[in-house]
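For reference, the structure is listed below as structure tokens.
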Amino acid sequence: MPELPEVEVVVNWLSRTVRERQIERVEVKYPRLIRALSPEAFSRRLKGGTIIKIGRRGKYILIELDKDRTLLVHLRMTGEFFYVGNDREIRKQTAAVFYLDNKHKLVFDDHRHFGVMKLAQTSKLENTEELSALGPEPFGKDFTDKYLYGVLQGSARSIKELLLDQTKVAGLGNIYAAEALFAAKINPKLRANELSKSQANRLHKGIFDVLNRAVKTGKKAVKHADESIENYFEGGYDRFAVYRREGKPCLRCGSMIKRIVQGSRSTFYCPNCQKK
DNA sequence: ACCCTCACCTGCACGC
DNA sequence: TGCGTGCAGGTGAGGG
């Protein structure tokens, strides 16, 4: 579900919910969830670990434990954490369970099973193949308009597809790529190297604004109708300007939002506002 | 090095 | 009701 803003919300929620907790025991229900280690070795190495802090890099959640251990988590499409009492039954979509030292457990559900977890050394985190490949953080100092323009100059791919490339900028996905292009009034079909400097600058600002707004207005942890289940709230699609708004009026000009396919994924845009 | 398609999974909404 | 199709916010492998 997650692009940078959603991952950020999960990170904040995890931080409030499980930081300083100790992991007493781990059960892996879906073995392919775990990369690089057997589920048994994974469980063994996590056992007894105390959660020190939770962070994020791109769309990766970084759960730092004591003793030089960090758990990397990628939610992919449908990964989701729940915080529940120990007696709660395990569901069929549950991929892993972390039993904590307070009679609660952190459950990782993932009905499509695309999600990934990997245990790494905290001291070598940046060298992992997952993180070392990532481009700059959109909120970081390395992500300048100059940097973006340089990246665009080097690619003939469509600008929309380029924005999904995590090695160029980390954290954008299908929603916010489209939203950023709308904010910047840039046609998603444009080749990256066809963008002018001023378009690149607009896009840079669009990316920042769209992600920033999503993080701020985004979502918060909620108790479900069943009060004993807590996870983070999914805000829904209504807050997007173009994403999944095919056939609806553009919020800026009233023209009909269009859907096209690029790289076998949907792109939504306003043909009038995003002519160039 | 790039670009494209497919594969990985499950479930839901749709039309017939 | 059932079945087929298309779609889903992500990525990595493998081909050209």
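Letters A, B, ... are given to chains in the order of the sequence lines, protein chains preceding strands, and every chain is numbered from 1. Reckoned from all heavy atoms, side chains included, excluding hydrogens, waters and symmetry mates.
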Sub-6.0 Å ring centroid separation between A:Phe208 and A:Phe139: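 For A:Phe208 and A:Phe139, the ring centres are under 6.0 Å apart.
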
Close aromatic pair by centroid cut-off 6.0 Å: A:His74 and A:Phe114: no

5'-most by nearest nucleotide on DNA chain C - A:His111 or A:Leu164: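 The residue whose closest nucleotide sits nearer the 5' end is A:His111.
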
Is the phosphate of [N], meaning OP1 or OP2, less than 4.0 Å from a side-chain N or O of [X]?
X        : N      : result
A:Lys59  : C:dT11 : yes
A:Arg76  : C:dT11 : no
A:Ser158 : B:dC3  : no
A:Arg112 : C:dA8  : no
A:Arg259 : C:dC7  : yes
A:His113 : B:dC8  : no
A:Gln166 : C:dT11 : yes
A:Lys168 : B:dC2  : no
A:Ser264 : B:dC6  : no

Nearest whole angstrom, please: distance from the [atom2] of [N] to the [atom1] of [X].
X        : N      : atom1 : atom2 : value
A:Asp165 : B:dA1  : CG    : P     : 14 Å
A:Lys160 : B:dC4  : NZ    : P     : 13 Å
A:Glu246 : C:dA8  : CD    : C1'   : 14 Å
A:Gln153 : B:dA1  : CD    : P     : 20 Å
A:His74  : C:dG12 : NE2   : P     : 7 Å
A:Ile260 : C:dC7  : CD1   : P     : 14 Å
A:Met77  : C:dT11 : CE    : P     : 10 Å
A:Leu75  : C:dT11 : CG    : C1'   : 13 Å

B:dC3 and C:dA8, which share atom name C1', separated by this distance in whole Å: 24 Å

Whole-angstrom distance between C:dG10 and B:dA1, as gauged at atom P: 26 Å

Test item: A:Gln166 side-chain N/O and A:Leu172 main-chain N/O as donor-acceptor pair under 3.5 Å: yes

CZ (A:Arg45) with more than 12 external heavy atoms under 6.0 Å: no

Atom NZ of A:Lys276: over 12 foreign heavy atoms under 6.0 Å: no

Side chain of A:Ser266 - closest among C:dC7, B:dC4, B:dC3: C:dC7

Is_stacked (A:Phe114, C:dT11) at 5.5 Å, 30 deg: no

Note: A:Lys118-A:Glu129 ion pair, threshold 4.0 Å (strictly below): yes

